[in-house]
Participant: 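Take a look at the following structure, please.
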Amino acid sequence: MKLPRAFYRRKTEVVAKDLLGRVLVHIDGDVRRSGTIVETEAYVGAHDLACHAAKGRTARTDVMFGDAGHAYVYLIYGMYDCFNVVTEPEGYAAAVLVRGVAPIEGCEGATDGPGKLCRAMSLTRAHNRLDLVGDRLFIEEGTKPPRRRIASSARIGVEYAGEWANKPLRFFIDGDPFVSRARVRSK
DNA sequence: CGGTCGATGATT
DNA sequence: ATCATCGACCGC
């Protein structure tokens with residue numbers, strides 16, 4: 001069962017947690033690529049200094065200001081794409097970054113990191129703005145993990161974000177082998 | 001092992 | 001100049 005728009009239109013932190021155990025599906029021509037989401041990060045709004053929308057409404061961040069349930073895919077470090085789901089009502093710029101999936105079908109290579117899972121599932125900026133309540137890219141119900149298996153931590157790679165750097169907005173299934181290794185950048 | 005660093009290009 | 005990353009390469 002495909003998750004409806006109302007699922008995404010909620011509070012970002014809630015969506016980030018609720019996404020664990022769900023199945024990300026990319027219908028790539030005749031190939032179906034899918035994986036169970038095991039790690040996410042919440043970027044909770046324009047007031048969140050780690051959120052790209054903190055820079056205002058630009059060509060890149062525009063999609064986050066739109067309605068929930070759309071893909072926000074951007075290029076990072078000139079080499080990797082990162083896949084996000086837009087959350088909250090229209091006008092409220094926020095999203096959830098998917099950082100790790102356990103492969104189910106059609107994945108080519110590792111999926112334990114935001115850049116890696118995009119590469120493995122053939123997700124690129126060409127998918128930016130795509131409606132997740134559609135037929136090419138969507139998320140299925142899957143099976144939610146028990147509450148006690150959900151752990152949280154500070155987000156990865158956002159040390160520049162002042163007090164927002166330390167907030168526990170990263171969620172993952174504790175002990176899952178497809179959770180990315182949380183390397184903290186030394187400077 | 002762990003840490004350090006370069007690749008590579010869009011965005012501001 | 002910076003960056004919501006990754007993997008190669010170093011020294012122990």
Side-chain angles (χ1 to χ4, degrees), chain A residues 8 11-20 22 24 26 35 37-66 68 70-88 92-103 107-130 132 137 139 150-173 176-187:
Chain A
Y8 304 104
K11 204 163 183 288
T12 308
E13 198 175 329
V14 171
V15 176
K17 254 185 279 198
D18 206 355
L19 238 22
L20 297 175
R22 313 293 189 176
L24 175 62
H26 176 201
I37 298 172
V38 300
E39 178 182 357
T40 61
E41 275 177 3
Y43 289 85
V44 301
H47 58 294
D48 173 1
L49 296 184
C51 183
H52 291 165
K55 309 249 177 187
R57 190 166 190 158
T58 65
R60 179 169 75 155
T61 64
D62 187 65
V63 62
M64 276 199 278
F65 285 81
H70 291 262
Y72 167 43
V73 187
Y74 67 92
L75 183 70
I76 188 65
Y77 297 114
M79 307 189 85
Y80 300 98
D81 291 288
C82 288
F83 170 78
N84 302 249
V85 233
V86 174
T87 58
E88 313 254 3
Y92 194 110
V96 172
L97 169 67
V98 178
R99 291 191 55 91
V101 306
C107 294
E108 294 170 9
T111 56
D112 58 333
K116 290 197 250 185
L117 79 88
C118 281
R119 193 178 50 191
M121 296 186 70
S122 294
L123 295 174
T124 70
R125 282 159 292 155
H127 299 92
N128 193 35
R129 293 178 172 279
L130 207 64
L132 298 176
L137 186 58
I139 299 175
I150 298 179
S152 63
S153 79
R155 293 170 292 183
I156 308 299
V158 297
E159 289 76 20
Y160 62 88
E163 62 175 322
W164 286 93
N166 300 320
K167 298 195 185 281
L169 293 173
R170 169 174 175 253
F171 304 98
F172 56 98
I173 298 179
D176 192 286
F178 295 98
V179 170
S180 69
R181 290 189 299 180
R183 293 184 268 188
V184 185
R185 216 205 300 212
S186 46
K187 181 177 182 184

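Naming convention: chains lettered A, B, ... in sequence-line order (proteins, then strands); numbering from 1 in each chain.
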Participant: How many Å lie between CD1 on Ile156(A) and C1' on dC3(C), as a whole number?
Facilitator: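 Going from Ile156(A) (CD1) to dC3(C) (C1'), I get 15 Å.
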Participant: Nearest to the Leu75(A) side chain among dA4(C), dG9(B), dT11(B), which nucleotide is it?
Facilitator: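 Nearest to the side-chain atoms of Leu75(A), counting from C-beta on, is dG9(B).
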Participant: Side-chain N or O of His52(A) less than 4.0 angstrom from OP1 or OP2 on dA4(C)?
Facilitator: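 For dA4(C), OP1 or OP2 has a side-chain N or O of His52(A) closer than 4.0 Å.
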Participant: Could you pull out all residues at least two apart from Asp48(A) that satisfy side-chain hydrogen bond (donor to acceptor under 3.5 Å, both in side chains)?
Facilitator: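 Asp48(A): side-chain hydrogen bond (donor to acceptor under 3.5 Å, both in side chains) contacts with Arg155(A).
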Participant: For dT11(B), does either OP1 or OP2 sit under 4.0 Å from a side-chain N or O belonging to Thr58(A)?
Facilitator: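 Result: no.
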Participant: Can you check the Leu49(A) CG to dT2(C) P distance for me, whole Å?
Facilitator: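 So the CG-P distance, Leu49(A) to dT2(C), works out to 17 Å.
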Participant: Answer with base, sugar-phosphate or nothing: what part of the nucleic acid does Arg155(A) contact at a heavy-atom distance below 4.0 Å?
Facilitator: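 Answer is nothing: Arg155(A) stays at 4.0 Å or more from every strand.
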Participant: Within residues 110-121 of chain A, which residues have any heavy atom lying less than 4.0 Å from an atom of DNA chain B?
Facilitator: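 Residues of residues 110-121 of chain A that come under 4.0 Å of DNA chain B do not exist, since none gets that close.
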Participant: Return one dot-bracket line describing DNA chain B 5' to 3' (Watson-Crick or G-U wobble pairs, both distances under 3.5 Å; ( ) same strand, [ ] crossing, | another strand, . none).
Facilitator: |||||||.|||.
Participant: Can Tyr43(A) be said to stack with the base of dA4(C), given centres closer than 5.5 angstrom and planes under 30 degrees apart?
Facilitator: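 Aromatic stack with dA4(C) present for Tyr43(A).
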Participant: Taking the minimum atom-to-atom distance to the side chain of Arg99(A), which one of dA4(C), dT11(B), dG9(B) wins?
Facilitator: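 Closest nucleotide to the Arg99(A) side chain: dA4(C).
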Participant: It should be established whether Tyr80(A) places a side-chain nitrogen or oxygen under 4.0 Å from OP1 or OP2 of nucleotide dT8(B).
Facilitator: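 Answer no for this pair, as no side-chain N or O of Tyr80(A) is under 4.0 Å from OP1 or OP2.
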